[in-house]
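A short write-up of the structure that comes next.
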Amino acid sequence: MKTQIKALAIATSLLFSASVLAEIAIIVHPSNGDTITQDDISKLFLGKDKSFPGGAPAVPINQGGAIGDEFNEKALNKSSTQMKAYWSKLVFTGKGTPPKDAASDEEAKALVAGNPNLIGYIDASKVDGSVKVVLKL
Amino acid sequence: MIRYQANLSQNQSRLVHATDKRCYSLVMGHSMKKSIIATALASVLAFSAQADINFSGFATVVGGKTSGDDQVFRGYDNEFDLSTGSLFAIQANSDLGDGLSATVQMMARGSDDWDPEFAWAYLSYDATEDWRLLFGRQRAPMYLYSDYLDVSYAYHWLRPPQAVYDAPFDTFDGIGSIYSTTVGDSFVTWHMIYGINDDKDTPINDTTLDTKFSDLFGGSLTWNYDWLTLRGAYFQANAYIPLNEAPAGTAVSQIAALQAGWATTPYAVIADEIGIDDDKITFAEFGMQIDYNDWVIVGEITKLDLSKTIFPDQDSWYVSVGKRMDSVMLHATYGNNKDSSEFLVPKYNVPFPTGTALDALAGGTQLVQNTLDVDEDFYTLGIRWDFHPSVAFKAEFTNTEDDVLGKDVKLFQIGLVSVF
């Protein structure tokens, strides 16, 4: 009986999270031909790497809010609090600057569509032909 | 980090230039110093008229008290005190283009009566994508947490273990070079510095003195692979500490009296040993940090060699373990700090006791060196609770057992820490 309740609880929580969490698309300019892995994405968004695998300079664009939290969890394996602590170590010591935040999926998409050096992320349902999806999380 | 943008308007910029001219005409007058400051400010403002300024900051508001009636420890006593460990800092940073940026960090500490001071003030230049040079006032990266020592939000304690983190100074004026690059799956940072620290009131034992640490040179090498960070550091400096400027009645003034006394004896070499005038001091550190899933394990071992001064060598270490549970983290730390002197009287075979005037000097020196020696074990139990996106609550209990002085001090602290 106890096991059954537990199993049910897990199933419910899985269903629940599936319905709440949308898929995130990592996007670049359509002219960017690089193969970009999750590891590359993590290095770029943590400021540990500053160029695409092909060598071109890369500028990550973050987002605040729920999608930002979700990206931190899925791509960087860190909570938003941990990310804030991580960047405060770099910002206040001259070692780095956090990525700029886009205000919305639309803004992130427009920025990336207009600049081959940018990499960002948006809700996968908002993707259109102006950007190229390199990975879905 | 919430980042505010400030942009001066054209009008303000013109105004600044007008002020600029007036200032130059005043130079040579007796208000020269004032006008130089005004000119400097005016040119900074005029300069920033073309660039965006990002503001960010951090704060710690912490209160604490010791348990015993007569226990005074790290600035705390038996009365609950909200100023000793509290601090506010604001940082302004401006990207000037072409890889150059200017950063100023003003910090006000409760322990300094909230007198704001420049903790950092530097120009940085990105020579390459991996290599950044810093010119100006910055932090000497001595310990694992040195760089962001005051940014309590960035780590689990209210402050890293103070029995270990007790170098006499932490900032310097000079040049820093930070080279960081990825090597395979790991990330390596090589931070070198050269400069000088010329603080006017450095805490030395029970007083503050106008010290100088020149030719400060050294660096740290940090290797990070995902969940594992290893770090080593080495620094050296030439120290000038004017013991004879200590106010009468302090322990340091007694040391100065001993120095003056020995100078008149055949053992003048002991006076040289006591005095700190261009004496080389060295510091070495090794640190390790594991951040794996919900567990954090940190450890550091340090060695401060002051053997050419009256002050004892310091050997210290700690290990800290923390466990994250959603927004709460529980942590425990254990460590030891051992300060040990090389006793000067036996070192120079000074006969003691002899029944002569030398006895007072020899006895006094032995006593002082005994008093300076410390062997303290400490443990800290604490909690961090991230109840807000930018603010964390922290509470800590630290027990320090000092074997040499035979005392056992308990310190309770609670606080809020923030970045903004």
Side-chain angles (χ1 to χ4, degrees), chain A residues 13 17 36-73 75-103 117, chain B residues 1-3 54 56-58 89 91 93 95 101 103 105 119-120 122-124 126 128-130 132-134 136 138-139 141 145-156 176 178 180-182 185-187 189 191 224 226-227 291 293 324 326-327 329 384 386 388-390 392 418-420:
Chain A
S13 71
S17 56
I36 297 170
T37 64
Q38 184 165 349
D39 195 37
D40 296 328
I41 291 164
S42 155
K43 280 179 183 159
L44 288 173
F45 278 87
L46 290 172
K48 291 181 172 179
D49 228 335
K50 294 180 185 81
S51 34
F52 287 113
V59 180
I61 298 291
N62 247 334
Q63 285 206 59
I67 188 165
D69 292 350
E70 207 180 319
F71 176 81
N72 289 336
E73 300 275 358
L76 311 177
N77 197 21
K78 288 196 157 62
S79 72
S80 290
T81 306
Q82 282 174 279
M83 281 313 295
K84 195 175 275 248
Y86 174 83
W87 281 112
S88 66
K89 291 177 191 177
L90 302 174
V91 167
F92 296 115
T93 61
K95 287 204 164 101
T97 321
K100 294 254 191 290
D101 276 357
N117 292 118
Chain B
M1 235 125 308
I2 306 164
R3 285 133 56 86
N54 292 311
S56 46
F58 53 90
Q91 173 167 304
N93 166 270
D95 186 349
S101 75
T103 305
Q105 195 183 99
W120 299 67
Y122 62 86
L123 281 172
S124 78
D126 291 329
T128 71
E129 196 178 272
D130 298 331
R132 174 172 290 189
L133 293 166
L134 305 181
Q138 46 201 292
R139 184 65 52 88
Y145 293 93
S146 281
D147 276 351
Y148 44 98
L149 189 57
D150 298 307
V151 192
S152 185
Y153 188 89
Y155 47 78
H156 55 288
I178 305 171
S180 37
T181 191
T182 45
D185 283 338
S186 55
F187 186 65
T189 303
H191 190 165
N224 163 254
D226 193 27
W227 51 271
D291 194 332
N293 290 338
R324 269 189 291 269
D326 288 326
S327 58
M329 186 175 195
R384 171 185 176 136
D386 286 287
H388 179 278
S390 309
S418 173
V419 290
F420 47 90

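So that the names make sense, note that chain A is the first sequence line, chain B the second, and so on, each numbered from 1.
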What distance do A:K95 atom NZ and B:D147 atom CG have between them, rounded to the nearest 0.5 Å? 3.5 Å
For the residue pair A:L46 and B:F187, establish whether any side-chain heavy-atom pair is separated by less than 4.5 Å. no
B:H388 versus chain A, heavy atoms under 4.5 Å apart: side chain, backbone, both or neither? neither
Search all heavy atoms of A:G94 against all heavy atoms of B:R132 and return the closest pair with its distance. O-NH1, 2.7 Å
Do B:R384 and A:T81 have side chains that get closer than 4.5 Å, going by heavy atoms? yes
Atom pair CZ (A:F92) and CG (B:L149), whose distance is rounded to the nearest 0.5 Å: 14.0 Å
To the nearest 0.5 Å, what is the distance between OG (A:S80) and CG (B:D386)? 11.0 Å
At a heavy-atom separation under 4.5 Å, does B:R139 approach chain A through its side chain, its backbone, both, or neither? neither
Name the region of B:S146, side chain, backbone, both or neither, that has any atom closer than 4.5 Å to a heavy atom of chain A. neither
Could you pull out the closest heavy-atom pair between B:V419 and A:S88, with the gap in Å? CG1-CB, 3.8 Å
Is it the side chain or the backbone of A:K78 that comes within 4.5 Å of chain B heavy atoms, both, or neither? neither
Mind checking the NZ-OH spacing from A:K89 to B:Y153? Nearest 0.5 Å is all I need. 12.0 Å
With side chains defined as the heavy atoms from C-beta onward, is the minimum distance between B:V151 and A:T93 less than 4.5 Å? no
Is B:D150 close to chain A through its backbone or its side chain, or both, or neither, when contacts mean heavy atoms under 4.5 Å? neither
Kindly say whether A:V91 contributes a backbone atom to a donor-acceptor pair with the side chain of B:Q91 at under 3.5 angstrom? yes
Output all residues satisfying side-chain hydrogen bond (donor to acceptor under 3.5 Å, both in side chains) with B:E129, sequence neighbours left out; order by chain, then residue number. A:S51
Hey, what do you get for OG1 (A:T97) to CG (B:N54), rounding to the nearest 0.5 Å? 8.0 Å
Tell me, for B:Y155 versus chain A, whether the close heavy atoms (under 4.5 Å) come from the side chain, the backbone, both or neither. neither
Which distance, rounded to the nearest 0.5 Å, do you find between the CG of A:D49 and the OG1 of B:T181? 7.5 Å
Can you name the ring-ring contact (aromatic ring centres under 6.0 Å, His included) partners of A:F45, sequence neighbours left out? A:F71, A:Y121
Decide if atom CG of A:N77 counts as having more than 12 heavy atoms of other residues, nucleotides or ligands within a radius under 6.0 Å. no
